[in-house]
A.B. asks: 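Sharing a structure below in C-alpha cells format, with a few things to ask.
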Amino acid sequence: MAMIDEPLYPIAVLIDELKNEDIQLRLNSIRRLSTIARALGEERTRKELIPFLGENNDDDDEVLLAMAEELGVFIPYVGGVEHANVLLPPLETLCTVEETCVRDKAVESLCRIGAQMREQDLVEYFIPLVKRLAAGEWFTARVSSCGLFQIAYPSAPEALKTELRAIYSQLCQDDMPMVRRSAATNLGKFAATVEAPHLKVDIMSMFDDLTQDDQDSVRLLAVEGCAALGKLLEPQDCVAHILPVIVNFSQDKSWRVRYMVANQLYELCEAVGPEPTRSDLVPAYVRLLRDNEAEVRIAAAGKVTKFCRILNPELAIQHILPCVKELSTDSSQHVRSALASVIMGMAPVLGKDPTIEQLLPIFLSLLKDEFPDVRLNIISKLDQVNQVIGIDLLSQSLLPAIVELAEDRHWRVRLAIIEYIPLLASQLGVAFFDDKLGALCMQWLKDKVYSIRDAAANNVKRLAEEFGPDWAMQHIVPQVLDMINNPHYLYRMTILHAISLLAPVMGSDITCSKLLPVVINASKDRVPNIKFNVAKVLQSVIPIVDQSVVEKTIRPCLVELTEDPDVDVRFFATQALESSNQVMMC
Amino acid sequence: MHGGDEVVAAPSRPPEPLDWKFSQVFGERTAGEEVQEVDIISAIEFDKTGDHLATGDRGGRVVLFERTDAKDHGVSRRDLEIMDYPISRHPEFRYKTEFQSHEPEFDYLKSLEIEEKINKIRWCQTANSALFLLSTNDKTIKFWKVQEKKVKKISDMNLDPSKAVGSGSVASSSSSSSPKPCLVNGSSFDGSYNNLSNNFFPPGGLPSLRLPAVTSQETNLVARCRRVYGHAHDYHINSISNNSDGETFISADDLRINLWNLEISSQSFNIVDVKPADMEDLTEVITSAEFHPTHCNMLAYSSSKGSIRLIDLRQSALCDSHTKLFEEPEAPGSRSFFTEIIASISDVKFSKEGRYILSRDYMTLKLWDINMDSGPVATFQVHEYLRPKLCDLYENDSIFDKFECCLSGDGFRVATGSYSNIFRVFGCAPGSTESTTLEASKNPMRRQVQTPTRPSRPLSSITRVVRRGSDTPGVDANGNAFDFTTKLLHLAWHPTENLIACAAANSLYMYYA
C-alpha cells in the first residue's frame with residue numbers, strides 16, 4: 001500500500017471511491033473526474049484513467065450516465081484536441097448500453113468531442129467508430145450511430161462520404177423500429193451536412209422510405225423531418241418532393257401522424273412559398289381543423305394564429321376564419337380551450353375591421369363557454385385584442401365572465417382568475433376597475449381556501465403597484481384594514497400578510513400613519529398565531545420606516561411580545577428584536 | 001389485415017399427429033408433499049427466441065430458465081462429439097435465476113390488500129445480452145432488467161483499508177463502525193479539494209497516486225427493477241402486452257386499457273374505457289387484451305360476454321368503437337343459466353403472423369380468422385364431459401377458472417389446459433383430426449384419449465350430442481377420476497419448436513414432440 005501524504009488524502013479517497021460499493025460514493029467520484037485527472041496529470045489520465053473507465057463499464061446506469069457526461073468535457077484533461085481520440089473508446093462502449101438516457105448522453109458527448117477534433121483524427125478515429133456502431137450486433141449500437149453522422153460526414157473524403165450515405169440508408173431500413181426511429185429523428189441534422197446534389201437524390205430516397213414505413217411511430221418522426229428538410233431544399237424541390245408527402249401525411253390513416261402534421265404544418269409554409277401554400281397547404285390545414293379526431297383538432301386549433309400570421313389576411317379570412325367559427329362551438333372542450341388560448345392573437349393579424357366583424361362574436365361566445373378553462377384562456381390574452389380594437393366592445397361581456405370565474409366553486413379556477421386581475425386592471429383602466437372589480441378583490445381575502453387568500457393578498461399588492469399609492473389609499477387600504485376585525489383569526493392573519501406586502505409599495509409615511517397602528521393593535525390579539533405574525537410583520541417593516549419610529553413604536557411592542565406566555569410568540573419577537581438591533585448598528 | 005397465410009398454405013395432407021414425450025420438470029412434488037400457496041405458478045412465458053422461459057408465482061417471484069441444449073452458445077457440434085456429449089434433439093432448459101418481483105401491499109386509501117401474485121409476464125426486446133421483462137400483479141407493472149455482472153475484487157488502493165480509518169485528521173469524520181476503507185467524501189471534503197486549486201497539481205501529475213486495480217473472474221446475475229408503472233388501474237390488471245414498435249405496451253383491467261411508453265412510467269393514456277356512466281348498467285368486462293404481433297396499430301381484447309373486439313389505434317385517441325367484432329351467434333334453444341358464464345373468454349392469443357386469433361372460453365377453444373367475423377373457423381371441445389356438471393362447477397366457483405391457451409409457432413396446433421392436471425393439444429390445419437390429451441406428469445400419455453374428438457365441429461351440433469348423465473360423477477371420459485382442485489391454467493408453446501411448458505400447481509412440466 002502506498003503511503004499518501006496528508007494533503008493528498010482527499011484526492012486519494014476520491015480515486016479509491018471510483019470503485020466503492022456504495023453507488024453514491026462512486027457517483028460522487030465520477031462527478032469529480034476532472035479533479036482526479038488533474039491530480040494524475042495529462043499523460044497518466046490518457047494512459048491509465050481513461051482505459052480504467054473503459055474497462056469498468058458494467059456499472060449502474062446512474063454512474064454510466066454521469067461518466068458519459070463528464071467525458072464530453074474532458075479534452076483539456078487529456079492534453080488538448082490532439083489527444084481527443086483517447087476519449088472515444090469509453091464513449092463508444094457507452095453508446096451500446098441498454099439504457100436510452102446513457103446512450104443519448106454518450107452520443108451528445110461524442111458529438112461535442114468530434115466537433116473539436118482535427119480533421120485527420122476524425123477520419124482516422126471518429127469515422128471508423130461510427131461505422132462500427134452502425135454495424136453493431138445489437139440495435140442499441142445502431143440507434144446511437146444515427147446521431148453521429150452529422151459530425152463524421154463533413155470531414156470524410158469523397159469515397160467515404162458515399163459509403164456513409166449508403167450506411168445511413170441501410171439504417172433507415174433496419175429491421176428494428178427503434179433504429180429506424182433514430183434514423184428518422186436524426187435525418188434532418190445529417191441532411192444539413194450533405195451536399196445539395198446528394199441531398200436531392202440520396203437523402204430524399206431515405207426520406208421516402210421513412211415516410212412509407214408501416215410503423216406509425218416511424219412515420220410520426222418522418223413528419224418532423226419534413227420541415228427540417230424543406231428548409232434545406234430549394235423552394236421548387238421542396239414543392240416537388242416534400243409538399244406531396246406532407247399533403248399525404250395530412251390524410252394519413254393514423255390520427256397520431258395527422259396530429260404531428262397539424263403541429264408542424266405552418267413551418268413548411270415559408271419553405272414552399274406563397275403559391276403552393278395557397279393551393280395545397282391551406283386546404284390541408286383546413287382539413288386538419290375539421291378532422292374527426294379531437295386530438296388533431298386541438299393541435300390544429302393551437303396553431304391557428306401562427307398559421308394565419310404567415311398567410312395574407314384575405315386568405316386567412318376566406319379559408320381559416322370559417323373553421324375557427326366552427327371550432328368555437330366544437331363538441332370537445334379541449335379544442336375550444338386550445339382555440340381560446342391563441343385566438344386573441346389573430347386580432348393583430350386580421351386588423352381592426354375584420355376583428356370587430358368576425359372575431360368579436362367568437363370571443364364573446366368563448367367568454368360564455370361553460371368550461372372555465374376556455375374563458376380563462378380568453379381573459380389571459382386580453383391585451384392582444386386591446387391593442388387592436390380597444391376594450392370597450394368586450395367589456396360588457398367581460399364583467400359577467402370575470403364575476404362568474406371569481407365565484408367558481410373550483411378554487412383552482414378562482415386562483416387562475418386572480419392571477420389575471422392586475423392584467424385586467426391595466427387593460428380596463430381605473431374607472432372600470434373601481435366600479436366592478438374592487439369588491440371582488442376584497443371578497444377573495446375572505447375566501448375559504450388558503451391559496452386564494454394568499455393570492456388575494458399578493459393581488460392587492462400588485463394592484464397598488466399598478467395604480468399607485470394614492471389610488472390604493474382611496475380604494476384598497478381602508479377596506480383591507482377594516483377586515484382586521486374579522487372574528488376568524490385566519491382572516492385576520494391574511495390581512496397581516498397583506499399589510500406586510502403593501503407596506504413597501506405604500507412607502508414610509510402611509511406605513512407609519514395607517515398600517516403600523518393596525519399591526520401594533522393586533523399584537524394584543526388573543527390568538528398567539530396572530531401575535532407571532534405581528535412580530536414577523538414588524539420585522540419586515542423595520543427597514544422601511546424611520547429609525548425613530550422603530551425606537552418609539554416597534555421595539556416597545558416587540559419587547560412586550562418577548563414576555564408573552566406563548567413560546568412561539570417569544571421566539572419570533574426575539575428574532576425581530578435582534579434584527580432591529582442589527583439595523584441600528586449599521 | 002393480411003397476416004400471411006400460415007394455415008391456408010398448409011400442405012394438402014394435414015401434418016401427422018405429434019407424439020408427445022416428457023422432457024423436464026422443475027419443482028416436482030414428492031409424494032405427500034403439501035403445496036405451499038405462494039409456490040403455485042401463476043404465469044408462464046417464453047421469450048421471442050425461445051431461449052428463455054419465465055414463470056411467475058403467487059408469492060410474487062419470477063423465475064427464469066435458459067435453454068441449454070446443443071443449439072447454443074458457440075460450442076460447435078464437433079466439439080460436443082469429441083466430448084462425447086449426448087446431443088439432445090429437443091430444447092432443454094435449466095434454472096437461470098429468480099427474483100422477488102412484487103411484494104404484498106396495502107392500499108390505505110381504499111383499505112384493500114394488494115396481492116403479490118404475478119398475473120402476467122411479458123418479455124421485451126433483448127439488448128447486449130441483458131434480458132428485459134415486464135411483470136404485473138393486480139395493480140402495478142414493473143420493468144425488470146436481468147444482467148450478468150462481474151464480481152469485482154478491488155486491490156491496489158491508495159489507502160490501506162485496514163489503516164485508513166483514523167489514519168489522518170480528516171479521516172476522523174468517518175464512521176469507524178463501517179468496514180469500508182474510506183469515508184464519505186461529501187460535504188466534509190468539499191472544502192478540502194476546492195483548496196486543491198488548479199495550480200496545486202504539478203503539470204506532470206502526482207506520481208504517488210494510483211488507480212485501484214479491478215480483477216474479476218466470476219459473474220453473477222443481477223435483476224434490477226428499472227421502472228414501476230403504477231396508479232393507473234382502478235380494477236385488477238388481467239393482461240399486459242408489448243407493441244411491435246418496441247417502445248409501447250398496454251395494460252388491461254376489467255374496464256379499461258391503458259397505453260404506456262416503456263421509458264415513461266409517470267403517465268399512460270387510456271385507449272379503451274368500457275365503464276358505463278352508471279355502474280348499475282355494467283354488463284360486460286374486459287377479460288384479456290393483446291397487441292397484434294406485427295401491426296403496431298391493432299389490438300384485440302376479449303370480454304366476459306364471449307366477444308373479441310379488434311381495434312385500430314390509428315382511428316381515434318380513445319377507441320370506443322371497435323373495428324371488428326368477433327362473436328358467435330347464440331345457438332337457438334341452447335340457452336341456460338350457465339350460457340353467459342361459460343361464454344366468458346379467459347384468454348386471447350394472436351397467431352405468430354397475426355392472421356388468426358385463438359380464444360379460450362370455459363368449455364371450448366375457438367380459432368378466428370381476423371378476416372372473417374361471422375364466426376370461428378374452428379371450435380375445439382376441451383372437456384365436454386363436464387357439461388352435465390356445470391352446476392357443481394358453479395357451486396364450487398370452478399366455473400370462473402381462467403384457463404390460458406396457446407398456439408404453436410407454425411400455427412398448425414393449439415393447446416389449452418383442463419382439470420386433473422391435463423392439457424389438450426388440437427390440430428387446427430384443415431383436415432386435421434389431431435386431438436391429444438396429456439397429463440402434466442412424467443408419464444403424459446397415461447390418460448390418452450383413445451377416440452379423438454372431431455375438431456372444427458360447430459358448437460351447436462355438439463350441444464345436441466351431449467346427453468345428460470352420460471358420465472358418472474367425478475370420472476372423466478376414460479373412466480378416470482378427475483379433480484377440480486388440480487387445474488392446469490397456465491401453459492406456453494415454444495415459439496419455434498414443438499415444446500410445451502405447463503404449470504401444475506408449483507411444478508413446471510415440459511413436453512416435446
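Order of the sequence lines sets the chain letters (A, B, ...), proteins ahead of strands, with each chain counted from 1. Just so it is clear, the structure is predicted and the values come from calculations on it, not from any experiment.
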A.B. asks: Is it the case that atom CD in A:Gln251 sees more than 12 heavy atoms from other parts of the structure closer than 6.0 Å?
C.D. replies: yes

A.B. asks: Could you give the distance from CD (B:Gln315) to CG (A:Asn292), rounded to the nearest 0.5 Å?
C.D. replies: 9.5 Å

A.B. asks: Verify, without hydrogens or angle tests, whether B:Arg314 (side chain) and A:Asp216 (backbone) share a donor-acceptor contact under 3.5 angstrom.
C.D. replies: no

A.B. asks: Quick one: CZ on A:Arg219 to SG on B:Cys296, what's the gap to the nearest 0.5 Å?
C.D. replies: 7.5 Å

A.B. asks: Quick check on B:Lys149: does its NZ atom have over 12 non-hydrogen neighbours (other residues, nucleotides or ligands) under 6.0 Å away?
C.D. replies: yes

A.B. asks: Rounded to the nearest 0.5 Å, what separates atom CG in A:Asp61 from atom CZ in B:Arg224?
C.D. replies: 6.0 Å

A.B. asks: Which value, rounded to the nearest 0.5 Å, describes the distance between B:Leu131 atom CG and A:Glu98 atom CD?
C.D. replies: 10.0 Å

A.B. asks: In terms of heavy-atom pairs under 4.5 Å with chain A, which of B:Leu211, B:Thr126, B:Leu313, B:Val222 leads?
C.D. replies: B:Leu211

A.B. asks: I need the minimum non-hydrogen distance between A:Lys19 and B:Pro212, along with the two atoms involved.
C.D. replies: CG-CG, 4.0 Å

A.B. asks: Quick one: closest heavy-atom pair of A:Met178 and B:Asp245, and the distance?
C.D. replies: SD-O, 4.3 Å

A.B. asks: Is the number of heavy atoms from other residues, nucleotides or ligands under 6.0 Å of A:Tyr259 OH greater than 12?
C.D. replies: no

A.B. asks: Which atoms of B:Thr294 are under 4.5 Å from chain A, going by heavy atoms: the side chain, the backbone, both sets, or neither?
C.D. replies: backbone

A.B. asks: So for A:Leu18, is it side chain, backbone, both, or neither that comes closer than 4.5 Å to the heavy atoms of chain B?
C.D. replies: side chain

A.B. asks: Is chain B contacted by the side chain of A:Asp60, its backbone, both, or neither, given a heavy-atom distance below 4.5 Å?
C.D. replies: both

A.B. asks: Is any side-chain heavy atom of B:Arg210 closer than 4.5 Å to a side-chain heavy atom of A:Glu48?
C.D. replies: no

A.B. asks: So which residue, A:Lys253, A:Arg256, A:Glu295, ends up with the most heavy-atom pairs under 4.5 Å with chain B?
C.D. replies: A:Lys253

A.B. asks: Taking A:Trp255 for the side chain and B:Ser316 for the main chain, is one N or O donor matched with an acceptor at less than 3.5 Å?
C.D. replies: yes

A.B. asks: Search all heavy atoms of B:Ser244 against all heavy atoms of A:Pro177 and return the closest pair with its distance.
C.D. replies: O-CG, 3.5 Å

A.B. asks: Between A:Thr100, A:Asp59, A:Thr140, who has the most heavy-atom pairs with chain B when the cutoff is under 4.5 Å?
C.D. replies: A:Thr100

A.B. asks: Could you go through the salt bridge (Lys or Arg N to Asp or Glu O under 4.0 Å) check for A:Arg180 and B:Glu247 one step at a time?
C.D. replies: CA-CA 12 Å; A:Arg180 301 202 300 273; B:Glu247 69 170 353; over 6 Å; no

A.B. asks: Which atoms of A:Glu137 come close to chain B, meaning under 4.5 Å heavy atom to heavy atom: side chain ones, backbone ones, both, or neither?
C.D. replies: neither

